[in-house]
Amino acid sequence: AELDFKMVYYNSDGNTSTMCGNGGRCIVAFAAALGVITDKAIFEAIDGIHEARIEDETVHLKMQNVSEIKKQNGYVFLDTGSPHHIQFEKNLKDLDVKKEGAAIRYSNLYGNAGSNINFVENIGSSFAMRTYERGVEDETLSCGTGATAVAVALHYLEKVAQNHVKLDVEGGKLEVTFKKTDLGYEDIYLIGPAKMVFTGEWPS
């Protein structure tokens, strides 16, 4: 199929990023606002081709398949277009995410490449998460590839039985759906709202 556009994403440190899930959702909404697409998109990102659709103001972004999940003592690691370390915490709201996340990100565990670090807490029937993002080198309000990784990990660890996971992130709520297959996880969608909050004009 013909591509609608290409996404090139830069982190705040000035370097190109690995896949950004929320950035992907936002660029689809932006493409619709510009009239580049209507309600469906096929675009290229650094990790390959993505499909997306818009329903109301909610963007459904198809993520790459996940075939390998590493379960270690106290944490899980997987790649959803970006590398993600996931571990469970109690009292997530009081956690110093920048300090604890940096300690793991710069540890011998991940070497020079580092990893994004996700902390998760089971709260009632839902899960809350907070993320330290490499490239930003701080906590971010929401990480789409991280939410995708957490949802898949929750199912892999049998902490959820359903293939539709809702997550509370600092910036709001995200949903992830997927299909479990013999090869791993496929048909993975990151779902959430995307609204235009600011426009400006670059001087010519």
Correct closest heavy-atom pair for P83 and S115 would be O-OG, 3.4 Å
If two hydrophobic side chains count as joined below 4.5 Å and joins carry through other members, does V176 share a cluster with L78?
-> yes
Sorted by chain and number, sequence neighbours left out, salt bridge (charged side-chain N to carboxylate O under 4.0 Å, His left out) with E100 holds for none
With I117 as partner, the option from R130, E139, R105 fulfilling side-chain contact (heavy atoms from CB on, under 4.5 Å) is R105
Across all chains, not counting sequence neighbours, the side chain to side chain contact (heavy atoms under 4.5 Å, CB included) partners of T181 are L183, E186
Under 3.5 Å, which donor-acceptor pairs do the side chains of residues 192-200 form with other protein atoms, sequence neighbours left out?
none

Rounded to the nearest 0.5 angstrom, the CD1-CG distance for I69 and L157 is 8.0 Å
Residues joined to L141 in its hydrophobic cluster, side chain to side chain under 4.5 Å directly or through other members, sorted by chain and number, are none
Expected list for residues 158-168: side-chain donor-acceptor pairs under 3.5 angstrom, two or more places apart:
{"residue": "N163", "atom": "ND2", "partner": "F178", "partner atom": "O", "Å": "3.1"}
{"residue": "H164", "atom": "NE2", "partner": "E175", "partner atom": "OE1", "Å": "2.5"}
{"residue": "D168", "atom": "OD1", "partner": "K173", "partner atom": "NZ", "Å": "2.6"}

In terms of heavy-atom contacts, N11 and S17 come closest through ND2-CB, 3.5 Å
The side chain to side chain contact (heavy atoms under 4.5 Å, CB included) partners of E201 (sequence neighbours excluded) come to none
Might you work through the side chain to side chain contact (heavy atoms under 4.5 Å, CB included) test for L154 and F127, ending with a clear yes or no? CA-CA 9 Å; L154 287 170; F127 291 86; 3.6 Å; yes
The complete set of side-chain hydrogen bond (donor to acceptor under 3.5 Å, both in side chains) pairs with one or both residues in residues 20-37, sequence neighbours excluded, reads N22-R25, N22-S142
Quick note, ring pair (Phe, Tyr, Trp, His ring centres under 6.0 Å) partners involving residues 94-113, not counting sequence neighbours, are F77-Y110, H85-Y110
Heavy-atom closest pair (G144 atom, L190 atom, distance to 0.1 Å) is CA-CD2, 3.6 Å
To the nearest 0.5 Å, atom CD1 of I104 lies from atom OH of Y132 at 10.5 Å
Mind listing the side-chain donor-acceptor pairs of residues 29-56 below 3.5 Å, one per line with the distance, residues two or more places apart or on another chain?
{"residue": "D47", "atom": "OD1", "partner": "H50", "partner atom": "NE2", "Å": "2.7"}
{"residue": "D47", "atom": "OD2", "partner": "H50", "partner atom": "NE2", "Å": "3.4"}
{"residue": "H50", "atom": "ND1", "partner": "K62", "partner atom": "O", "Å": "2.6"}
{"residue": "R53", "atom": "NE", "partner": "E55", "partner atom": "OE2", "Å": "2.7"}
{"residue": "R53", "atom": "NH2", "partner": "H60", "partner atom": "ND1", "Å": "3.4"}

| Hey, does the side chain of D13 reach the backbone of N15 with a donor-acceptor pair shorter than 3.5 angstrom? | yes
* Is there a chain of hydrophobic side chains (I, L, V, M, F, W, Y, each step under 4.5 Å between heavy atoms) that links L109 to F119? -> yes
| task | Spell out, as yes or no, whether a donor-acceptor pair under 3.5 Å connects the side chain of N122 to the backbone of G124. | result | yes
field: In one Ile/Leu/Val/Met/Phe/Trp/Tyr side-chain cluster, 4.5 Å: V169, V150
entry: yes
Could you give the side-chain donor-acceptor pairs of residues 88-98 under 3.5 Å, partners two or more places apart or in another chain?
{"residue": "E89", "atom": "OE2", "partner": "Q87", "partner atom": "NE2", "Å": "2.8"}
{"residue": "D96", "atom": "OD1", "partner": "K99", "partner atom": "N", "Å": "3.1"}

E133 backbone acceptor or donor facing T131 side chain under 3.5 Å: no
Residues passing the side chain to side chain donor-acceptor pair (under 3.5 Å) test with T145, sequence neighbours excluded, are H84
Applying side chain to side chain donor-acceptor pair (under 3.5 Å) to T18 and not counting sequence neighbours gives S82, R134
Closest non-hydrogen atoms of I123 and A128, given as atom of the first, atom of the second and distance, are CD1-CB, 3.6 Å
With distance as the sole test, does Y185 use its side chain to make a donor-acceptor pair with the main-chain N or O of Y156 at under 3.5 Å?
yes
Inset, instruction - Could you walk me through whether T58 and I191 pass side chain to side chain contact (heavy atoms under 4.5 Å, CB included), step by step? - result: CA-CA 7 Å; T58 300; I191 305 164; 3.4 Å; yes
Of M63, Q64, K179, the one forming a side-chain contact (heavy atoms from CB on, under 4.5 Å) with I188 is M63
